[in-house]
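Since the structure comes first, as structure tokens, the remarks are kept for the end.
Predicted, not measured: the structure shown is a model, and the values here were computed from it. A, B, ... follow the sequence lines: proteins, then strands. Residue 1 opens every chain.
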Number of protein chains: 2
Amino acid sequence: MVSYAGTHFEGFQKQPRGRTVQGELESAIEKVTGQPTEVHGSGRTDSGVHAHGQVFSFYSDASIPPERWPAVLHRWLPQDIVVLKSAEAPSAFHPRYAAIGKTYRYSIWNSRVSHLFSRAFVYHHPVQLDVSRMNDALSHLIGRHDFTSFCSVRTASTKSRIRTLRQAEVVEEPVPYPPSTGRLLHLYVSGSGFLYNMVRIIAGTLIQVGEGKRNPEQMRSILADRNRQAAGPTARAEGLTLLSVDYGELDPFK
Amino acid sequence: MVSYAGTHFEGFQKQPRGRTVQGELESAIEKVTGQPTEVHGSGRTDSGVHAHGQVFSFYSDASIPPERWPAVLHRWLPQDIVVLKSAEAPSAFHPRYAAIGKTYRYSIWNSRVSHLFSRAFVYHHPVQLDVSRMNDALSHLIGRHDFTSFCSVRTASTKSRIRTLRQAEVVEEPVPYPPSTGRLLHLYVSGSGFLYNMVRIIAGTLIQVGEGKRNPEQMRSILADRNRQAAGPTARAEGLTLLSVDYGELDPFK
């Protein structure tokens, strides 16, 4: 299980060019074992998106006890990646295919002035947002729906866009003093899986509801439209964090 | 009143070389008024030290309403400085000489793993700290004392080292999930004034008490020694934030 600050990465997945989380993990493992190694993640995160509990797997026959990998990798990893824990998994375990759900958080700093101390990890929205309107809107999204309106037009057209949103809530979090200059709002969403840009488009649409630009009930017609144009903008990457991946009975850390 | 993230500054005070908060404020004001302007702060902060409510003053005859300066300066200031509010002050007001007290916070991330999302704003201490021992130690520092043992040897020798510590407390703050991988401890200190490195030396000594390397009662003999060598190390700059400056009846924002 790995945390990373996504700010200075071109996302999780390895790219021909640019710094990626997968690339850093693979090169750290290779430095330890001397073997080129392929890392599999539970899914991609985009450039600028953070993770608390991303899950990845790799094969190694090195004589390192399974739970020792966080300490062993620590000295080979950059400061913006921290492996939190590790465990041996059955050879059939694949972090993407075994996942039965994911939880994301979208963080909004709702204040006239920017949050100097969390600037890279929250989206700054200066206009006052109405949390109860945002939660009203979310109630229409919970459940099993075709989320075509809430995914990037770059989503493969052959793919099913039906997903189940199990829980979704906006909460105002306590802000350790200082700053007392605004409100920290967290949108938490848990579901069976998420389409490309889905959480960020939900967040962008909810912000319009919170500002009063849309009615909460509009979420129903947006879903029914099955058209990306019906929803709001894709909210900025810096507010998004993959919190955890749910493996149910197959959880290797259980 | 100005907030800044100290990470990329050589401190508040203007230097022959290097980026400073005072330098950025003066050049922003000059861009607005066309006049070279001198900024006075409530005091220096060191390289890497942050501020929430630093106070500064300057003279201007520009026809800008006093309370409009935060908005006016915003477009000329870098992203790591935010002016929070402004007000007209009597011409005799000097932010340093009018101050009757200051409050600082020292932030400790007490966890085996670093706090990825606040790395620049907390000091990471991996060994478990005992908060109640730390508060016991602080109780011996509260009051009027000669703080020679708790200031840098570079403090001018002609200066009185007697200061009054009015309040001092270590509290465990709620950490918005994630991460749930550690504890956020805040040391708050309020006093009549602080000597060079005083808060960081108090923090460094308290950390040794929290680890069990020193007894809380030792604070008394450290004070009595009037010798910098008697106290613990100077804790790292990144954990320190100037929270507020107290002007009592003279507060220009009252």
Side-chain angles (χ1 to χ4, degrees), chain A residues 1-9 21 50-54 70-71 73-74 77-85 103-105 107 109 111-122 124 126 171-186 188 238-239 241-244, chain B residues 1-9 21 50-54 70-71 73-74 77-85 103-105 107 109 111-122 124 126 171-186 188 238-239 241-244:
Chain A
M1 184 184 291
V2 63
S3 286
Y4 46 87
T7 317
H8 302 297
F9 291 106
V21 179
H50 319 289
H52 174 63
Q54 169 73 288
L73 291 175
H74 182 66
L77 286 171
Q79 287 201 297
D80 46 5
I81 302 183
V82 174
V83 177
L84 296 179
K85 49 185 175 176
T103 299
Y104 283 92
R105 180 187 67 186
S107 305
W109 175 244
S111 171
R112 196 177 47 80
V113 296
S114 80
H115 191 311
L116 276 187
F117 297 175
S118 299
R119 206 153 37 88
F121 303 100
V122 295
H124 174 213
V171 293
E172 184 174 345
E173 301 279 7
V175 180
Y177 168 70
S180 47
T181 53
R183 297 188 305 158
L184 178 62
L185 307 181
H186 279 169
Y188 292 98
E238 70 255 29
T241 303
L242 169 60
L243 288 186
S244 61
Chain B
M1 186 182 291
V2 61
S3 286
Y4 46 88
T7 317
H8 302 296
F9 290 106
V21 178
H50 319 290
H52 174 63
Q54 169 72 288
L73 291 175
H74 182 66
L77 286 171
Q79 286 200 298
D80 44 7
I81 300 182
V82 174
V83 177
L84 296 179
K85 49 185 176 176
T103 299
Y104 283 92
R105 180 187 67 187
S107 305
W109 175 241
S111 170
R112 197 178 46 80
V113 295
S114 79
H115 190 312
L116 276 187
F117 296 175
S118 298
R119 206 154 36 89
F121 304 99
V122 295
H124 174 215
V171 294
E172 183 172 344
E173 301 281 5
V175 181
Y177 168 70
S180 45
T181 53
R183 298 188 303 158
L184 179 62
L185 307 182
H186 279 171
Y188 292 99
E238 69 254 29
T241 302
L242 169 61
L243 289 185
S244 60

For Tyr4(B) and Phe117(A) the tightest heavy-atom approach is O-CE2, 3.6 Å

Residue from His50(B), Arg112(B), Gln79(B) scoring the most non-hydrogen pairs under 4.5 Å with chain A is Gln79(B)

Rounding to 0.5 Å, atoms CD1 (Ile81(A)) and OG (Ser114(B)) come to a distance of 11.5 Å

Margin query: Could you check whether any side-chain heavy atom of Asp80(A) comes within less than 4.5 Å of a side-chain heavy atom of Arg119(B), counting everything from C-beta outward?
Written below: yes

If one checks every heavy atom of Ala51(A) against chain B at 4.5 Å, the contacting part turns out to be backbone

